[in-house]
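Heads up, the thing below is written out as structure tokens.
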Amino acid sequence: SQQGEEDPQALSIQEGENATMNCSYKTSINNLQWYRQNSGRGLVHLILIRSNEREKHSGRLRVTLDTSKKSSSLLITASRAADTASYFCATVVVQGAQKLVFGQGTRLTINP
Amino acid sequence: EPEVTQTPSHQVTQMGQEVILRCVPISNHLYFYWYRQILGQKVEFLVSFYNNEISEKSEIFDDQFSVERPDGSNFTLKIRSTKLEDSAMYFCASSEQVRNQPQHFGDGTRLSIL
């Protein structure tokens, strides 16, 4: 079974619109993190939300976490062409070391 | 802003040869990781390293793989006898603490096995 699964797999919107990506997971977690990956580049950390937090903001990013539903969402407001990238959620399980378990990612395309 | 650096950016190797991928983590970080991403697939954890020893490894990290921190700055991943299926992007990451801290990734080494 997959620990982190993003939905949708691909999303294409117009510049200025909001983009929402969802992530579901299966086991209890210590925290959940969102990363961005531009094509051919490394992963850039965006935001970390702890299991006892429900919502977190960072600039144009808003992340929610619902541990009862084992799901998280990433909202990017007022999207820009530079936001075009793949977005991954990654979970850190409660019991164990701090390895990140990544989902398949959402490929976000912002059309100018 | 401090960053994780990886070298080389691209490595082409014949099957059966040994490769060493190098990483310089952020200087005050204590926890180090290797991940890989096969083309079109998700990023997979390989190994974590703390206090000069492996703290966790995945099923992928078999006897062909080893990690080392040969000095105070470098962190290396060695693949002893490469296979075609080792072709992937290999990412190094580091974190300051182990709990509730982001991991900072390098730009990766693209390993191509011929």
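Below, all heavy atoms of this structure are taken into account, side chains as well, without hydrogens, waters or symmetry copies. Computed from a predicted model, the values in this text were never measured in an experiment. Throughout, protein chains are lettered first and strands after them, A, B, ... in sequence-line order, and every chain is numbered starting at 1.
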Relative to chain B, which segment of A/Leu48 carries a heavy atom at a distance below 4.5 Å: side chain, backbone, both, or neither?
side chain
Is the number of heavy atoms from other residues, nucleotides or ligands within 6.0 Å of CG (B/Leu84) greater than 12?
yes
In terms of side-chain heavy atoms, does B/Gln103 have a donor or acceptor partner in A/Gln33 at a distance below 3.5 Å?
no
Counting only heavy atoms from other residues, nucleotides and ligands, does the tally under 6.0 Å from CZ of A/Arg41 exceed 12?
no
So, the part of B/Gln6 with a heavy atom under 4.5 Å from chain A: the answer is neither
Around atom CG of B/Asp63, are there more than 12 heavy atoms from other residues, nucleotides or ligands closer than 6.0 Å?
no
Measure distances from B/Tyr35 to the heavy atoms of chain A and classify the residue's part below 4.5 Å as side chain, backbone, both or neither.
side chain
Of all the heavy-atom pairs spanning B/Gln41 and A/Gln104, show the shortest one and how long it is.
CA-NE2, 3.7 Å
Take a 6.0 Å sphere around CZ of B/Arg110 and say whether it holds more than 12 heavy atoms from other residues, nucleotides or ligands.
no
Residues, nucleotides or ligands: over 12 heavy atoms within 6.0 Å of A/Arg80 CZ:
no
Out of A/Ile49, A/Asn38, A/Asn31, return the one with the most heavy atom pairs under 4.5 angstrom to chain B.
A/Asn31
Is there a donor-acceptor pair closer than 3.5 Å between any side-chain N or O of B/Asp107 and the backbone N or O of A/Gly42?
yes
Within 6.0 angstrom of A/Lys70 NZ, more than 12 heavy atoms from elsewhere:
yes
Single-linkage hydrophobic cluster, 4.5 Å side-chain cutoff, B/Tyr90 and B/Met15 together:
yes
Closest heavy-atom pair and its distance - A/Phe102, B/Lys42:
O-CD, 3.4 Å
Supply the atom-to-atom distance B/Phe105 CZ to A/Leu100 CG, rounded to the nearest 0.5 angstrom.
5.5 Å
